[in-house]
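Structure, as structure tokens:
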Amino acid sequence: MPELPEVEVTRLGVAPHLEGRPVRAVVLRREGLRWPFPAELPQLLAGRTVLSTGRRGKYLLIEFEHGTLIVHLGMSGHLRVLPPDIPADKHDHFDLVVEGPQGREVLRMTDPRRFGAVLWHPNEDGELDEHMLLRGLGVEPLGPAFTGALLYRQTRTRSAAVKQVLMAGDIVVGVGNIYCSESLFRAGINPKTAANRISPARYDRLAQCIREVLAEAIVQGGSTLRDFISVNGQSGYFQQSYFVYDRAGVPCRICGAPVRQIKQGQRSTFYCVNCQK
DNA sequence: CACGGAGCCTGCCCGC
DNA sequence: TGCGGGCAGGCTCCGT
């Protein structure tokens with residue numbers, strides 16, 4: 001489910017329920033997901049107050065005085081805020097129980113495919129950016145460092161297809177499979193183009209399009225925040241209509257040519273041969 | 001260093 | 001109705 005916009009919308013949704021609130025309990029219902037949960041999390045967090053929330057790429061950060069809880073939703077994960085005493089379902093793996101003004105609330109992580117992760121980074125281990133999972137990540141696509149010039153500079157040695165280079169995450173983070181196809185469409189760039197054969201001007205355009213596509217998705221997600229915090233909430237689902245993603249064979253919204261679907265690095269790519277050169 | 005493929009998991013949808 | 005194959009919004013690891 002989550003690409004960067006979904007993670008950011010999740011952060012915006014859970015932040016008011018977490019920030020400034022003390023943790024009453026941590027519930028771990030399995031050993032771990034992609035990696036083992038830190039078994040000492042309950043003792044580490046009980047009684048501690050959440051200072052703030054953050055995000056790095058698709059990693060959600062829950063910051064405490066003594067360290068940071070790092071949450072990744074993988075392919076199929078989502079978070080909800082629930083009233084206390086809602087029984088856990090089959091794929092509910094992790095709860096953070098916090099004390100709110102109206103009583104306790106439960107931040108619950110659900111992840112059927114279990115590609116997600118919950119990790120702890122103690123401040124004493126040094127800068128969060130140096131954490132194994134976060135080091136080597138590219139720049140934030142919505143931050144000031146992300147420019148066409150950066151894309152151009154960082155792709156001089158990259159002969160792989162631009163779609164795969166963008167998705168690799170070492171130049172820019174958070175551009176997942178959906179929004180990568182959408183951004184390349186908006187920029188008019190064929191996803192198969194070798195990254196080192198794209199001009200600075202076209203990279204300027206691409207950087208702008210990536211920013212726009214992600215920012216618009218966050219705004220759209222934000223408008224559905226009302227539904228986000230609910231027992232049945234399908235958080236992070238946007239009823240937005242894509243230009244190319246998941247539209248194989250359907251007429252391009254711009255030129256009417258059928259949208260094409262190909263495989264790049266085992267992932268589906270959607271594009272318009274007419275609009276993207 | 002950079003590239004491509006395998007693998008991690010469950011659920012769902014399709015065709016037989 | 002059951003079964004197998006393919007697919008799914010991410011990421012790491014490994015061989016070349």
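The model shown is predicted, which means the values in this text are computed figures rather than measured ones. Computed from heavy atoms alone, side chains included, the values below leave out hydrogens, waters and symmetry copies. Chain identifiers are assigned alphabetically (A, B, ...) following the order of the sequence lines, protein sequences preceding nucleic acid strands; residue numbering begins at 1 within each chain.
Minimum heavy-atom separation, Thr49(A) to Phe64(A): O-CD2, 3.4 Å. Here the closest heavy-atom approach between residue Pro2(A) and residue Val7(A) is recorded as CB-CG2, 3.8 Å.
Contact annotation: His72(A) side-chain N/O to dC11(C) OP1/OP2 distance is under 4.0 Å. Phosphate proximity of dG9(C) to Tyr245(A): present, with a side-chain N or O under 4.0 Å from OP1 or OP2.
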Could I get a table of every N or O pair under 3.5 Å where one atom is in the protein and the other is in nucleotides 12-16 of chain C?
unit_1  : atom_1 : unit_2   : atom_2 : d
dT12(C) : O4'    : Arg34(A) : NH2    : 3.2

Please list each protein N or O that sits under 3.5 Å from an N or O in nucleotides 3-6 of chain C, with the distance.
none

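In this structure, Met167(A) atom CE and dG9(C) atom C1' are separated by 9 Å, rounded to whole Å. Atom CG of Asp170(A) is separated from atom P of dC11(C) by 12 Å (rounded to the nearest Å). In this structure, Leu73(A) atom CG and dG9(C) atom C1' are separated by 11 Å, rounded to whole Å. Separating the CG atom of Leu4(A) from the C1' atom of dG9(C) is a distance of 12 Å, rounded to the nearest angstrom. Per the geometry, CZ belonging to Arg135(A) stands 17 Å off C1' belonging to dC11(C), to the nearest Å.
Side chain of Thr155(A) to backbone of Tyr152(A): a donor-acceptor contact under 3.5 angstrom is found.
Leu4(A) places a side-chain heavy atom less than 4.5 Å from the side chain of Pro141(A). Arg108(A) places a side-chain heavy atom less than 4.5 Å from the side chain of Asp92(A). Taking 4.5 Å as the limit, some side-chain heavy atom of Ile210(A) sits within range of a side-chain heavy atom of Val175(A). By the 4.5 Å heavy-atom criterion applied to side chains, His93(A) and Met109(A) are not counted as neighbours.
The side chain to side chain contact (heavy atoms under 4.5 Å, CB included) test applied to Val27(A) returns Arg29(A), Asp95(A), not counting sequence neighbours. Contacts of Phe243(A) classified as ring-ring contact (aromatic ring centres under 6.0 Å, His included), with partners at least two apart in sequence or in another chain: Phe185(A). Partners of Tyr59(A) by ring-ring contact (aromatic ring centres under 6.0 Å, His included), not counting sequence neighbours, listed by chain and number: His72(A). Scanning for side chain to side chain contact (heavy atoms under 4.5 Å, CB included) contacts around Ala257(A) gives Cys255(A), Cys272(A), Asn274(A), with sequence neighbours left out. For Arg56(A), the side chain to side chain donor-acceptor pair (under 3.5 Å) partners two or more places apart in sequence, or in a different chain, are Glu140(A).
Of the N and O atoms on the side chains of Glu63(A) and Thr53(A), not one donor lies less than 3.5 Å from an acceptor on the other residue. A donor and an acceptor atom, one from each side chain of Lys263(A) and Ser268(A), are located under 3.5 Å apart. Between the side chains of Arg80(A) and Thr110(A), at least one donor-acceptor pair of N or O atoms lies under 3.5 Å. Defined by atom type and a distance below 3.5 Å, a donor-acceptor pair is present between the side-chain atoms of Glu212(A) and Gln208(A). A donor-acceptor contact under 3.5 angstrom links the side chains of Ser76(A) and Asp111(A), judged on distance only.
Applying a 4.0 Å cut-off to non-hydrogen atoms, the residues of residues 158-165 of chain A that approach DNA chain B are Arg158(A), Ser159(A), Ala160(A), listed by residue number. Of all the residues in residues 265-273 of chain A, Arg267(A), Ser268(A) reach under 4.0 Å from DNA chain C with at least one non-hydrogen atom.
Pairs of residues two or more places apart, or lying in two chains, that qualify as ring pair (Phe, Tyr, Trp, His ring centres under 6.0 Å) and include a residue from residues 253-277 of chain A are Tyr245(A)-Phe270(A).
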Report the C-alpha distance between Trp120(A) and His131(A) in whole Å, list the side-chain angles of each, state the deciding distance to 0.1 Å, and finish with yes or no for ring pair (Phe, Tyr, Trp, His ring centres under 6.0 Å).
CA-CA 10 Å; Trp120(A) 174 251; His131(A) 188 279; over 10 Å; no

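dG7(B) and dG5(C) have their P atoms separated by 15 Å, with the value rounded to a whole Å. The same atom, P, is picked in dC9(B) and in dC3(C); the two are 23 Å apart, to the nearest Å.
The nearest heavy atom of DNA chain B to Gln154(A) and to Leu33(A) marks one nucleotide each, and the one closer to the 5' end goes with Gln154(A).
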Reading 5' to 3' and counting Watson-Crick or G-U wobble pairs with both distances under 3.5 Å, write the dot-bracket notation for DNA chain B, | for bases paired outside the strand.
.|||||||.|||||||

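Taking 4.0 Å as the cutoff to heavy atoms of chain A, we find the contact window on DNA chain B bounded by dA2(B) to dG11(B).
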